[in-house]
Amino acid sequence: MRPLVIYNHRMNYINKFQNQLLNWYRQKARELPWRSDPSPYKVWISEAMLQQTRVETVIPYFNRFVDEIPSVESLAEVEDERLFKLWQGLGYYRRATYLKKAAQAIVKEYNGHLPVSINELKSLPGIGAYTAGAIASIAFNIPVPAVDGNVLRVMARVNADQGNIRNPEVKKRIEELVITLIPTNNAGDFNQALMDLGAGICLPNGTPKCNECPVKEFCKAYSKGLVSTIPVKSDKKERKMLEKTILTVWWNGRMAIRKRESKGLLANLWELPNYEGFLSKEQCVLILEQLGFTVTDITTMKNARHIFTHIEWVMKGYSISVEGEGNLSDWKWVTDEEIRGIYSIPTAFQAFFPSS
DNA sequence: AACTCGGGGCA
DNA sequence: TGCCCAGAGTT
């Protein structure tokens, strides 16, 4: 009898945790575009966009994207230029490349339908442990965990886990904990409830709203007074500063852009011509002359700064008018309208555009 | 295990 | 300014 009693106690604990979390979610769930129609395709697109990106940022991108590219098949065939344009400003641009690659694989190997199994999902480019779990649970209601940054924080507090949440071991530990709690019949709502809880109540940096938390009676960090010290997170690496000179070069009413290389930062996106270091007007004029142009005007623009995760660009800019033929191979002369409608140019350069 | 890869919002 | 965000892939 004894093991059965313990078993029942454990079941009651789990049921109560599930019920209180799910009841809270039924009342407080955020209304989000991908929640009104959680088709596998829309869930997938939303999860890809949401990687390291806030919900509020994603919403307009998601709406535009699924409106213009409504299916796996259309995604598999979309022009790269158009794909990147739809992603412009969202960051982590290889996610867009992964989406198209995965769509092509889904058409070829799964007849255009997203696979249901975690392992098959994870085999697709851009779909890792979290995203596979999110798609499987939200789109297919399969009881698997989907541990993102929110869930890591929430469950580290619930279990008073003082491990460094950047440590993969700690993440695995928390995944195992979620597995013991996840309901067999309502996994999608359960996972999304944990994320909403993290986004709205169980906030980072020691400022959670514990009085509003539906599961505070289960939270060991709350009962032990450790909420402000959990989760533990190791320090990030320091950012390096990089000085650059950005050129907006005008020729016959058009502006010069060029394509970035296919690897590394902002791969395959378009950029304004730019050079390492702070160049003087004279140095810029010399560069343009060596390219075969005659400089008719050059003015200094306002300095700008762009902060990436691990680099910071400090940028000096010049607006330059040129005449002549030039002898360039990798510059492209484009109009304002083409820049707005066609070419994907990352945010780092926006400060040097006339539209901004 | 450590790096790389964007951009924005908020204290 | 620093931190964090519905992370994934490479080395």
Side-chain angles (χ1 to χ4, degrees), chain A residues 29-30 32-35 38 42-62 84 87-99 101-102 121-139 145-155 164-171 175 178 188 190-200 202-208 231 233-241 260 262-269 271 305-313 344-351:
Chain A
R30 290 173 288 181
L32 303 172
W34 47 91
R35 284 183 176 170
K42 287 188 178 177
V43 171
W44 170 38
I45 301 302
S46 70
E47 292 301 341
M49 288 186 170
L50 286 161
Q51 289 165 7
Q52 293 293 285
T53 311
R54 294 171 181 279
V55 166
E56 295 72 23
T57 305
V58 166
I59 290 172
Y61 283 90
F62 173 83
F84 275 130
W87 210 268
Q88 177 178 305
L90 197 55
Y92 288 159
Y93 295 88
R94 54 180 177 177
R95 291 182 291 175
T97 305
Y98 291 149
L99 276 184
K101 282 203 168 85
L121 285 167
K122 276 169 68 177
S123 75
L124 294 166
I127 300 184
Y130 163 76
T131 304
I135 294 171
S137 63
I138 299 170
V147 177
D148 70 332
N150 287 310
V151 178
L152 268 179
R153 180 174 61 256
V154 170
M155 296 315 293
N164 174 8
I165 60 170
R166 287 192 202 278
N167 184 341
E169 260 182 59
V170 175
K171 185 177 176 185
E175 270 182 353
V178 173
F190 182 85
N191 283 337
Q192 291 182 88
L194 283 180
M195 292 188 258
D196 274 26
L197 191 63
C202 196
L203 301 171
N205 297 328
T207 58
K233 201 166 187 179
S234 57
D235 291 341
K236 278 188 180 176
K237 231 183 74 176
E238 207 172 326
R239 255 194 308 270
K240 283 184 185 172
M241 283 228 300
R260 293 178 61 82
S262 58
K263 288 188 176 180
L265 188 68
L266 305 171
N268 293 317
L269 296 183
E271 66 177 0
R305 156 187 316 265
H306 189 82
I307 299 173
F308 299 92
T309 303
H310 56 290
I311 306 173
E312 177 174 350
W313 285 358
S344 186
I345 300 174
T347 306
F349 297 97
Q350 296 298 330

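Atom set for the values below is all heavy atoms of this structure, side chains included, hydrogens, waters and symmetry mates excluded.
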Separation of [X] atom [atom1] from [N] atom [atom2], in whole Å?
X	N	atom1	atom2	value
A/L194	C/dA6	CG	C1'	11 Å
A/L121	C/dA8	CG	C1'	15 Å
A/N167	B/dA1	CG	C1'	9 Å
A/W44	C/dA8	CH2	P	14 Å
A/K233	C/dG2	NZ	P	16 Å
A/Y98	C/dA8	OH	P	11 Å
A/I59	C/dC5	CD1	P	17 Å
A/L99	C/dA8	CG	P	12 Å

### Task
Please determine if a side-chain N or O atom of A/N150 lies less than 4.0 Å away from the OP1 or OP2 oxygen of C/dA6.
yes

### Query
Within less than 4.0 Å of OP1 or OP2 of B/dA11, is there a side-chain N or O belonging to A/N205?
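Looking at the OP1 and OP2 atoms of B/dA11, neither is under 4.0 Å from any side-chain N or O of A/N205.
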
Touch class at under 4.0 angstrom, heavy-atom based, for [X] against every strand present:
X	result
A/W313	nothing
A/R30	base
A/A146	nothing
A/V55	base

### Message
Each nucleotide in nucleotides 3-10 of chain B should get exactly one letter: B, S or -. Can you fill that in based on protein heavy atoms under 4.0 Å?
### Response
SBBBBBB-

### Message
Determine whether the aromatic ring centres of residues A/F308 and A/H306 are separated by less than 6.0 angstrom.
### Response
yes

### Message
Quick check for you: to the nearest 0.5 Å, what is the distance between A/I45 atom CD1 and A/R95 atom CZ?
### Response
11.5 Å

### Query
Closest approach of A/V154 and A/C202, non-hydrogen atoms and distance?
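For A/V154 and A/C202, the tightest heavy-atom pair comes out as CG2-CB, 3.7 Å.
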
### Task
On DNA chain C, check which nucleotide each of A/G128 and A/R166 is closest to and give me the residue with the more 5' one.
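The answer here is A/R166.
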
### Message
Judged by each residue's nearest nucleotide on DNA chain C, which is more toward the 5′ side, A/L124 or A/D235?
### Response
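Comparing both residues, the 5'-ward one is A/D235.
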
Do [X] and [Y] have side chains that approach each other closer than 4.5 Å (heavy atoms only, starting at C-beta)?
X	Y	result
A/Y98	A/Y92	no
A/L194	A/N150	no
A/R94	A/K101	no

### Message
Please report the distance separating the P of C/dA6 from the corresponding atom of B/dA11, rounded so that it comes out in whole Å.
### Response
15 Å

### Query
Distance between the P atoms of C/dT11 and B/dG6, in whole angstroms?
16 Å

### Donor-acceptor pair, side chain of A/N164 and main chain of A/S234, under 3.5 angstrom
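Checking the backbone N and O of A/S234 against the side chain of A/N164, a donor-acceptor pair under 3.5 Å is found.
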
#### Entry: N/O donor-acceptor pair under 3.5 Å between A/Q51 side chain and A/I127 backbone
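Checking the backbone N and O of A/I127 against the side chain of A/Q51, no donor-acceptor pair under 3.5 Å is found.
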
### Task
Look at the side chain of A/T131 and decide which nucleotide, out of C/dC5, C/dA6, C/dA8, has an atom nearest to it.
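So the nucleotide nearest the side chain must be C/dA8.
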
